[in-house]
Number of protein chains: 2
Amino acid sequence: MAIRDTGTEQLIKDTAKRIFFSEGKFNATTQDIADAAGVARTVINYYFRSKDTLFQQVLKDAMDDMKLRLDEVLLSKLPFKKKIVKFIDVFSTELSEYPYKETFMISEINAHGFVMPEKEPSKALQFFFNEIQQAIDRGEIRKMLPVNFMLNLFSLIAYPLLTRPLFKQMLEITDIKFEQLMHERKKIIVDMLFT
Amino acid sequence: MAIRDTGTEQLIKDTAKRIFFSEGKFNATTQDIADAAGVARTVINYYFRSKDTLFQQVLKDAMDDMKLRLDEVLLSKLPFKKKIVKFIDVFSTELSEYPYKETFMISEINAHGFVMPEKEPSKALQFFFNEIQQAIDRGEIRKMLPVNFMLNLFSLIAYPLLTRPLFKQMLEITDIKFEQLMHERKKIIVDMLFT
DNA sequence: ATATTGTTTGACATTTAAGTCAGACAAATA
DNA sequence: TATTTGTCTGACTTAAATGTCAAACAATAT
């Protein structure tokens, strides 16, 4: 049963990713996804059996993707500060494209007790924590638990992108203005993280 | 038609708030809410006509609530740094109880183009931005757009609480350990925000 | 060319959630 | 006590989303 790659399966996954992770429409229906992909709704069942299976596949893909990209930075041989700058850049780009990925995962966890595939804390993360500790010992960054440094890093990058629709409304900000803010932030974040 | 206050209406609202904002179950059904509140599903229709009306009421209540609490801090006569410390405390408490409130609002915005009631940027916020600018001029905090200072403040407090389930899984952290992290953070956040 | 087989579709069935309504119940009032 | 009136419930209706299936379609192989 050699498969005949029409690209449809990937198209559906990409479309789902866009709707869930980029547009933040967490309860989009299979019809919504099919329409957006320009295919009949039932092809989703053909390729993925059920909506839930599609969910899980898309989620797994997205996680593997991100892990790959982040690990590449975290494990790179750059000096600590340069690595952080690079990380901010890569993570910002990632989040600009898929701002709601984490939120979606959290909503899945809360709704269905979804647990992540991999158990052991990733090697890359362990390695990164060590580097953070060393930077603390050198006095490059404030004294704190390495995990808190990581939380700061993630927070400063992710939160504004995550809450963009809210702030756009609250502050009546245009998209261009928002991009400017985000650009200014990159420098600020580095300044705040390092002493 | 004098109403006979049985507390049911408030009970339903409180339950909905808990399910949506505390437990992060964004697509809970009316049945879920009714069960959790220990009432028949149809009382929701009796008191709120439709599920959507309940949504909007709960959302409005929550927003008014938060605005009230935050404005009280922002408009208080405390010196800038003390005000920030107080803000961190109040906002942390608020978010510990309802970590998913903002996320829920954002998902509503993304799904149905929901727009917030009040148009003009709130007085309190304007006032706060002025204070931030003054603190910048005094050299208390780094030079940046006041809105970016606010984003930093919000990010550092909110993001960890928002993504708690993810980090708990990724890092295999217990609730107690997490609380400790959050406690350490309060000091760190102040340190990071001020030069 | 024709058969084979993977892919796609539309009609139908099933399931699940939201909303309606008549009547039961209980608290206030006459 | 009897009546009124607000509150609550369960059975029913309607609406919407998921899933199944037989048949049509199209690419590849014989």
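Proteins get letters first, then strands, A, B, ... in listed order; numbering begins at 1 in each.
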Could you tell me how far apart A/Gln31 (CD) and D/dA15 (P) are, to the nearest whole angstrom? 18 Å
Which residues within residues 6-28 of chain A lie with some heavy atom under 4.0 Å of an atom in DNA chain C? A/Thr6, A/Thr8
Can you sort out which residues in residues 32-52 of chain B have a heavy atom within less than 4.0 Å of DNA chain C? Ascending by number, please. B/Arg41, B/Thr42, B/Asn45, B/Ser50, B/Lys51
For a quick test of your reading: what N or O donor-acceptor pairs under 3.5 Å do the side chains of residues 104-116 of chain B make, sequence neighbours left out?
residue  : atom : partner  : partner atom : Å
B/Ser107 : OG   : B/Phe104 : O            : 3.2
B/Glu108 : OE1  : B/His112 : ND1          : 3.4
B/Asn110 : ND2  : A/Tyr100 : OH           : 3.2
B/Asn110 : ND2  : B/Ile106 : O            : 3.4

For B/Thr93, which residues count as a side-chain hydrogen bond (donor to acceptor under 3.5 Å, both in side chains) partner, sequence neighbours excluded? none
The side-chain hydrogen bond (donor to acceptor under 3.5 Å, both in side chains) partners of B/Lys83 (sequence neighbours excluded) come to B/Glu131
Aromatic ring proximity, centroids under 6.0 angstrom, A/Phe154 and A/Tyr159: no
Give the other cluster members for A/Leu75, using side-chain heavy-atom distances under 4.5 Å between Ile, Leu, Val, Met, Phe, Trp and Tyr residues; answer none if it is isolated. A/Phe127
Connected-component partners of A/Ile176 among ILVMFWY, side-chain separation under 4.5 Å: none
Side chain to side chain contact (heavy atoms under 4.5 Å, CB included) partners for B/Ser96, two or more places apart: B/Leu161
Any salt bridge (charged side-chain N to carboxylate O under 4.0 Å, His left out) pairs touching residues 132-155 of chain A, not counting sequence neighbours? A/Arg138-A/Glu140
